[in-house]
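Inspection log for the structure reproduced underneath, given as structure tokens.
Atoms within each ligand, like the ligands themselves, are counted from 1 in listed order.
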Amino acid sequence: MKINLLKASFIGILILSITYSCSSSETEIEEEVTTTLHAAYASFNAEATTIYIDGSNVVIETTGLPDHDTSYWGVGNDGYIEEDIDETPSIMSSNNNAVTITVDATPNLTGNTISTDFNTIGIAVSGASIFNDQEGGGALDAAAASLDWTGAHIGPGVYHYHLEPKAFTDDDENLVGVLLDGVFLYGRKCNSTGTYPSGLDASGGHTTTTQHTTEAEYHYHIINELYSNTGSYIAFEGPYQGY
Ligand SMILES: [Zn+2]
Ligand SMILES: [Zn+2]
């Protein structure tokens with residue numbers, strides 16, 4: 001009788017432990033699905049950025065220091081090139097270029113839109129910030145003379161792009177960066193067709209495949225319309241579609 005009881009409880013423990021190991025491996029699989037970083041993040045400057053999953057969000061920490069030449073590095077720096085622009089302070093004389101943004105791993109494409117602010121609206125693949133079409137809350141024209149060869153300048157805050165950043169996208173389908181709503185921004189062309197996309201929404205967005213996804217996914221493009229007399233293109237005017 002005692003032996004039978006022991007046997008029964010042993011079998012019971014065995015069944016319990018099998019059930020437990022099944023359910024725990026299911027949990028692991030579910031977690032893996034939600035903790036995979038989007039393939040596009042592999043294109044970001046690894047020297048400047050640290051990118052990781054935090055729950056349902058992606059955290060992007062950056063030094064803000066871009067991986068390309070500009071006169072904004074300042075004379076004497078390895079990245080310095082001479083440019084004929086109205087220069088504001090150099091990157092290295094700025095107090096702090098570091099920025100951390102937290103974005104949705106899966107953007108909320110509910111149809112609601114939110115306008116962009118005069119501040120960092122996204123992080124570019126170079127590691128530096130993306131700004132909108134405003135300067136100090138006014139039109140960008142006033143600051144146009146200070147923009148470098150890649151559509152960026154500095155001050156009073158971080159080094160940031162307003163125009164198509166030619167250092168890493170120049171009339172092509174390259175990834176530009178990720179915006180605060182978690183939606184990726186690409187160049188003026190789309191990988192799905194190899195040419196300028198048609199039928200974009202007000203934000204320059206549409207849903208197709210990209211070089212980073214085999215399934216169609218909502219993303220923005222730099223809109224292929226010249227900005228003012230700069231001979232270039234605004235990086236992103238907004239509004240956000242993914243908040
Ligand atoms: Zn600016
Ligand atoms: Zn596209």
Side-chain angles (χ1 to χ4, degrees), residues 38-40 43 64 66 70-72 83 85-91 94 96-97 99 107 109 116-126 128-165 167 169 171-179 181-225 227-228 230 232-238 241-242:
H38 194 289
S43 303
T70 167
S71 64
Y72 282 105
E83 293 186 78
I85 54 172
D86 295 343
E87 249 170 79
T88 47
S90 76
I91 294 173
S94 175
N96 190 12
N97 286 281
V99 177
L109 298 164
T116 54
D117 279 336
F118 174 63
N119 208 329
T120 293
I121 62 161
I123 301 297
V125 292
S126 68
S129 283
I130 301 168
F131 273 37
N132 63 10
D133 60 333
Q134 305 276 298
E135 182 66 25
L140 184 57
D141 299 60
S146 68
L147 296 174
D148 65 12
W149 71 282
T150 189
H153 65 173
I154 195 164
V158 299
Y159 178 78
H160 57 268
Y161 309 100
H162 285 284
L163 304 178
E164 175 184 55
T169 181
D171 195 20
D172 57 33
E173 62 187 46
N174 289 353
L175 180 66
V176 177
V178 66
L179 301 190
D181 59 353
V183 176
F184 291 103
L185 172 65
Y186 289 87
R188 283 186 279 143
K189 290 179 179 166
C190 188
N191 175 266
S192 64
T193 55
T195 187
Y196 305 113
S198 56
L200 297 176
D201 64 22
S203 306
H206 71 163
T207 304
T208 66
T209 58
T210 69
Q211 58 268 50
H212 300 111
T213 56
T214 50
E215 277 178 38
E217 176 181 87
Y218 184 80
H219 57 277
Y220 302 123
H221 284 280
I222 292 177
I223 296 175
N224 190 38
E225 282 170 21
Y227 167 69
S228 184
T230 59
S232 197
Y233 306 85
I234 289 287
F236 186 75
E237 285 186 26
Q241 301 278 343

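- Looking at N174, its side chain never comes within 3.5 Å of a backbone N or O of G187 through a donor-acceptor pair.
- Inspection of the environment of the Zn ion (ligand 1) yields the following protein N, O or S atoms under 2.8 Å: E135 OE1, H153 NE2, H160 NE2, H162 NE2.
- Around the Zn ion (ligand 2), the protein atoms of type N, O or S that sit closer than 2.8 Å are C190 SG, H206 NE2, H219 NE2, H221 NE2.
- T169 has its side chain out of reach of V125: every pair of non-hydrogen atoms, C-beta onward, lies at least 4.5 Å apart.
- A salt bridge does not link K189 to D172: none of the charged side-chain nitrogens sits closer than 4.0 Å to a carboxylate oxygen.
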message = Walk me through whether E217 and H212 qualify under side chain to side chain contact (heavy atoms under 4.5 Å, CB included).
response = CA-CA 10 Å; E217 176 181 87; H212 300 111; 5.9 Å; no
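- Side-chain contact check for D148 and Y161: no donor-acceptor pair (N or O, by modelled atom type) lies under 3.5 Å.
- N132 contributes no side-chain N or O that, together with a main-chain N or O of I121, makes up a donor-acceptor pair within less than 3.5 Å.
- Inter-residue side-chain proximity for T213 and H38 is flagged as met; some heavy-atom pair is nearer than 4.5 Å.
- In this structure, the side chains of P165 and I222 come closer than 4.5 Å at one or more pairs of heavy atoms.
- The aromatic rings of F131 and H160 lie parallel to each other, their planes meeting at an angle below 30°, with 60° marking the opposite boundary.
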